[in-house]
Amino acid sequence: MNLPESLSVRGGHLYCGDADCVVLAERYGTPLYITNENHITGNFRRYEAALKKYTGKVQLLYAAKANENPVIIRSLAREGAGADVFSLGEMRAALEAGIPAGILLFNGSSKTQEDLRAAIEKGIMISVDSIDELRQIDAISKELKKTVRIGFRVNPAIEVPTHPKIATGIKNSKFGIPAEMILDAYREALKMEYVIPVGMHCHIGSQILEIPPFAIACGVIMKVADEVTKIGVKLEFIDFGGGLGIPYHREGTVDKAPTPEEYAAAVMPVFLEGCKKAGISPAFWVEPGRWMVGESTILLTKVNSVKKVHKTFVNVDAGFNLLIRPAMYDSWHEVVVANKADQPADGTYTVTGPICETGDIFAADRRLPAVEAGDLIAVLDAGAYGYAMSSQYNSRPRCPEVLVNGGKAELMRRAETYEDMTACVVIPSWHRK
């Protein structure tokens, strides 16, 4: 199998960086998330370098929703990353990781008054998603007598080749303000005492494996940027979102993923030509999340039993409570028998979890070496929207996370306990008698 760069096979065992995954399972137990830190920082540097070949005014914002572990955010903060944040929790994690407020963008289509107030108080820029939200920001900023810098999220209304649930720039998306309505939004903002429109934001979707949609969206946004410049807006940045996909299918050409270099070659000329035409020089912002962390991580799970019926089921100790993507999106993840990683396939197996749902299947009908109870299955490319979307369904505590740096490996999140799961439970008075 064509493994991601974060993994290798040595002596029949799967390695993450220079750490033996079989040894890590013995040390920390299973299920277990294992992440290669050097892979993430290397990805950041590569993406940044690809864009900076065209202009020095580049800022990468890590999409914190992809993997919100504060250690991951801290690692990227040290590289100079900003962050795209969607909640007070992500906002706090980014600030505590050392990311300056000035390179945080608070995004989302349904922000509470508490959310908006916190962003304004902390000096964090807000991506405004509606006129209603703009007016709420105006009222809060007047009350606080505090200036707030904003951008508007523009919906470019373009179709993208990805799962409908993660296509965010289509015409009927819940996100953003239609391009034909955006001038009125900027005009209203320009009249406000404490609100300063300094940016523009667009995000067309996630797990996109074709480059043209990004260039098309950039062209739409640069036309809008020209129009808003003419009414007096001074754009300091334009955020083009993320969305660059990764090759979940690692055999054949099903998921031939584009590179940051290909992205930059297609998008940056459109951006720079648009800037020249409008007479502006904003910074180019982009929000990679999945591409930054997706391939860095595996979910390691132990085989509880093998059941041969109408097909051969490999029953493991992790389920969609820990990685919901296959159940939610019918997503493909490659699987490797981590303790038999150099052995040839000898049968067809379906890898299933312990959750009380028929859909709790990680991998259906895969060719694998002879699998038996006690073997270790690695589910690949689990770094994006893996632990971040996990749950405690069936009252199953979430598993630990280990960070690998070269040959070093340490916990970056311990396993939950039953007491953790019930810590917020309050017993009503009539149950205490």
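Throughout, numbering of the chain's residues begins at 1 and tracks the sequence. When reading the values below, keep in mind they use all heavy atoms of this one structure, side chains included, and skip hydrogens, waters and symmetry mates.
Using a distance-only test at 3.5 Å, with no hydrogens or angles considered, no donor-acceptor pair links the side chain of N107 to the main chain of S127. Checked by atom type and distance alone, the side chain of E416 never pairs as donor or acceptor with a backbone atom of P397 at under 3.5 Å. Under the 3.5 Å distance criterion, the side-chain polar atoms of Y62 are matched with a main-chain donor or acceptor of N67. Between the side chain of H201 and the main chain of G241, no donor-acceptor pair closer than 3.5 Å is present. When atom types are taken as modelled, the side chain of D346 and the backbone of A370 share a donor-acceptor pair closer than 3.5 angstrom. Listed for the E262 side chain is a donor-acceptor partner under 3.5 Å among the backbone atoms of T259. Remark: the backbone N or O of L368 is not paired with any side-chain donor or acceptor of Q343 at under 3.5 angstrom. In this structure, N339 contributes its side chain and L376 its backbone to a donor-acceptor pair below 3.5 Å. Side-chain atoms of Q207 come within 3.5 Å of backbone N or O of I246 as a donor-acceptor pair.
Under the 4.5 Å side-chain criterion, counting only non-hydrogen atoms from C-beta, Y387 is not in contact with N69. Using a 4.5 Å cut-off on side-chain heavy atoms (C-beta onward), L244 and F214 make contact. Side-chain contact between L209 and K256 is absent, with no heavy atoms from C-beta onward closer than 4.5 Å. Counting only heavy atoms from C-beta outward, the side chains of T312 and T348 never approach each other to under 4.5 Å. In this structure, the side chains of N155 and I182 stay at 4.5 Å or more apart for every pair of heavy atoms. You'll find the side chain of H333 stays beyond 4.5 Å of the side chain of L380, heavy atoms only. Residues I137 and E133 meet the side-chain proximity criterion, which asks for heavy atoms closer than 4.5 Å. With contacts defined as side-chain heavy-atom distances shorter than 4.5 Å, the pair L88/M91 qualifies.
We find the CD1-CG distance between I34 and L300 to be 4.5 Å, quoted to the nearest 0.5 Å. Separation of atoms OG1 (T297) and CG (L403) is listed at 8.5 Å; rounding is to 0.5 Å. The distance from atom SG of C16 to atom CG of N36, rounded to the nearest 0.5 Å, is 4.5 Å. Rounded to the nearest 0.5 Å, atoms CD (Q392) and CG (L322) are 10.5 Å apart. Expressed to the nearest 0.5 Å, how far CD1 of I204 lies from CZ of F240 amounts to 11.0 Å. Taking NZ from K146 and CD1 from I140, the interatomic distance works out to 13.5 Å, rounded to the nearest 0.5 Å.
Side chains of N315 and S305: a donor-acceptor N/O pair is present below 3.5 angstrom, by distance only. Neither side chain, N321 nor S391, offers a donor N or O lying under 3.5 Å from an acceptor on the other.
Of the candidates T301, V316, V337, D375 forms a side chain to side chain contact (heavy atoms under 4.5 Å, CB included) with just one, namely V337. Screening R396, R413, R414, R398 for a salt bridge (Lys or Arg N to Asp or Glu O under 4.0 Å) with D420, the sole residue that qualifies is R414. Considering R45, K52, R46 in turn, K52 is the only one that fulfils the salt bridge (Lys or Arg N to Asp or Glu O under 4.0 Å) rule with E48.
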Quiz prompt | Working for side-chain contact (heavy atoms from CB on, under 4.5 Å), residues L3 and L14 | solution = CA-CA 10 Å; L3 294 172; L14 186 68; 4.2 Å; yes
Practice problem: Report the C-alpha separation of K111 and I126 in whole Å, then their side-chain angles, then the decisive distance to 0.1 Å, and conclude whether the side-chain contact (heavy atoms from CB on, under 4.5 Å) test is met. | Solution: CA-CA 10 Å; K111 307 179 188 77; I126 301 173; 4.0 Å; yes
Quiz prompt | ring-ring contact (aromatic ring centres under 6.0 Å, His included) between F271 and Y54, worked out | solution = CA-CA 10 Å; F271 170 70; Y54 296 85; over 10 Å; no
Quiz item: What's the verdict on side-chain contact (heavy atoms from CB on, under 4.5 Å) for L60 and L51, showing C-alpha distance, side-chain angles and the deciding distance?
Solution: CA-CA 10 Å; L60 270 65; L51 296 172; 3.9 Å; yes
Quiz prompt | side-chain contact (heavy atoms from CB on, under 4.5 Å) assessment of D18 paired with R10 | solution = CA-CA 10 Å; D18 291 322; R10 308 179 196 177; 2.8 Å; yes
Exercise. Any chance you could lay out the salt bridge (Lys or Arg N to Asp or Glu O under 4.0 Å) test for E37 and R74, step after step, and finish with the verdict?
Key: CA-CA 11 Å; E37 182 178 25; R74 181 181 297 272; over 6 Å; no
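In this structure, R325 is positioned above the aromatic face of Y248, its NZ or CZ under 6.0 Å from the six-membered ring centre and within 45° of the axis.
The shortest heavy-atom contact between R366 and V335 is NH1-N, 4.0 Å. Between A97 and P70, the shortest heavy-atom contact is CB-O, 4.4 Å. Here the shortest heavy-atom pairing between V233 and P197 reads CG1-O, 3.8 Å. The two atoms that bring S87 and F106 nearest to each other are N-CE1, 3.6 Å, heavy atoms only. D20 and V22 get closest at one heavy-atom pair: OD1-N, 2.9 Å. Contact record, D115 with S110: OD2-O, 4.5 Å, taken as the closest heavy-atom pair.
Using cut-offs of 30° and 60° on the angle between ring planes, the pair F237 and W285 is parallel. Ring orientation note: the planes of F320 and Y393 are close to parallel, at an angle under 30° on the 30°/60° scale. The aromatic rings of H249 and W332 sit parallel to each other, their planes meeting at less than 30°, with 60° as the upper class boundary.
Taking a 6.0 Å sphere around CZ of R92, one finds it holds 12 or fewer heavy atoms contributed by other residues, nucleotides or ligands. Crowding of K408 atom NZ: a count of heavy atoms from other residues, nucleotides or ligands under 6.0 Å not exceeding 12. The environment of E419 atom CD is dense: over 12 non-hydrogen atoms of other residues, nucleotides or ligands sit within 6.0 angstrom.
A salt bridge is defined here as a Lys NZ or Arg NE, NH1 or NH2 lying under 4.0 Å from an Asp or Glu carboxylate O, and E287 with K65 fails to meet this definition. We find that E295 and R250 are joined by a salt bridge, their nearest charged nitrogen and carboxylate oxygen being less than 4.0 Å apart.
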